[in-house]
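Below: one structure, written as C-alpha cells.
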Amino acid sequence: QVQLVESGGGLVQAGGSLRLSCVASGSIFSINAMGWYRQARGKQRELVAGITSGGSTNYADSVKGRFTISRDNAKNTVYLQMNSLKPEDTAVYYCNVRVRTKPTVLYEYEYWGQGTQVAVSS
C-alpha cells in the first residue's frame, strides 16, 4: 500500500555533501514520523535522524551539526542534507516512515526504503 523511493546516494570525498531524498506514496492518510537509518559494513543499523509530523527532530550524536533532516508534507518527502561528510559516514542509508493508511484505522504502519549507498573517501 505504501512505497518509498530513495535517491541521492553516491560517492564523495571527505568534506563533501550529499542530499538524500525519500518519497512516500500510496495509501497514506497521515505520516506520523519519517527518518533515516544507516548500516555500515559489519555494523548494526542505527538511527541517523528522525522528524515527526510536528517538526520535532532528533539526531545521532555522530552527525549533529553536520546533517539536517527536513520534510515536505505536500510531497510526502523527507530529506537528509549531509555536509562535512566523513569516511565514517559510509553506509547504506535507509528511509523509514510510520504512517496511518486510513482515517478509520488508528494503527500505525512502518515501512522501509530499499536503501541508498553513501560512500565517503578519504
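This is a predicted model, so every value here is computed, not measured.
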Fill in the blank from the handout: Smallest heavy-atom separation, A14 atom then S122 atom, equals CB-CA, 4.4 Å

Problem - Where at least one partner belongs to residues 9-19, residue pairs that pass side-chain hydrogen bond (donor to acceptor under 3.5 Å, both in side chains), sequence neighbours excluded - result: S17-N83, R19-Q81

Problem - Contact check, side chains of W36 and N96, non-hydrogen atoms, under 4.5 Å - result: no

Problem - Distance-only donor-acceptor check, side chains R38 and S62, under 3.5 Å - result: yes

Exercise for the section: Among Ile, Leu, Val, Met, Phe, Trp and Tyr joined by side-chain contacts under 4.5 Å, find the other residues sharing a cluster with W112 and list them by chain and number. Expected result: Y37, L47, V92, Y94

Handout entry: Any side-chain heavy-atom pair of I28 and N76 under 4.5 Å
Key = yes

Handout entry: Y93 side chain reached by V118 side chain, heavy atoms, under 4.5 Å
Key = yes

Problem - Minimum-distance pair of heavy atoms, taken over all atoms of E6 and T116 - result: OE1-N, 3.5 Å

Practice task
Quick one: list whatever passes side-chain contact (heavy atoms from CB on, under 4.5 Å) with T57, sequence neighbours left out.
Solution key: I51, Y59, I69

Practice task
Report the residues that fulfil side-chain contact (heavy atoms from CB on, under 4.5 Å) with V12, sequence neighbours left out, ordered by chain and then residue number.
Solution key: L18, L85, V120

Practice task
Identify the two heavy atoms, one from A24 and one from M34, that lie closest to each other, and give their separation to 0.1 Å.
Solution key: CB-CE, 4.4 Å

Completion exercise
CZ (R98) and OG (S30) are apart, to the nearest 0.5 Å, by 13.5 Å

Problem - Residue list, ring-ring contact (aromatic ring centres under 6.0 Å, His included) with Y109, at least two apart or on another chain - result: Y107

Problem - Note, C95 side chain near V78 side chain (heavy atom, < 4.5 Å) - result: yes

Problem - Donor-acceptor contact below 3.5 Å, side chain Q117 vs main chain A91 - result: yes

Practice task
Assess whether side chain to side chain contact (heavy atoms under 4.5 Å, CB included) is satisfied between L106 and R100, documenting all intermediate values.
Solution key: CA-CA 7 Å; L106 188 62; R100 290 178 60 191; 4.0 Å; yes

Problem - Exam field: side chain T77 to backbone K75, donor-acceptor pair closer than 3.5 Å - result: yes

Exercise for the section: Indicate, with yes or no, if V23 and V97 share a hydrophobic cluster defined by side-chain heavy-atom contacts under 4.5 Å among Ile, Leu, Val, Met, Phe, Trp and Tyr. Expected result: no

Practice task
Apply salt bridge (Lys or Arg N to Asp or Glu O under 4.0 Å) to R66 and list each qualifying residue two or more places apart in sequence or on a separate chain.
Solution key: D89

Fill in the blank from the handout: One should read off an interatomic distance between R41 CZ and K43 NZ, to the nearest 0.5 angstrom, of 12.5 Å

Completion exercise
Nearest heavy-atom contact between F29 and P103 is CE1-CB, 3.4 Å

Fill in the blank from the handout: Rounding to 0.5 Å, atoms CG (D72) and OH (Y79) come to a distance of 5.0 Å

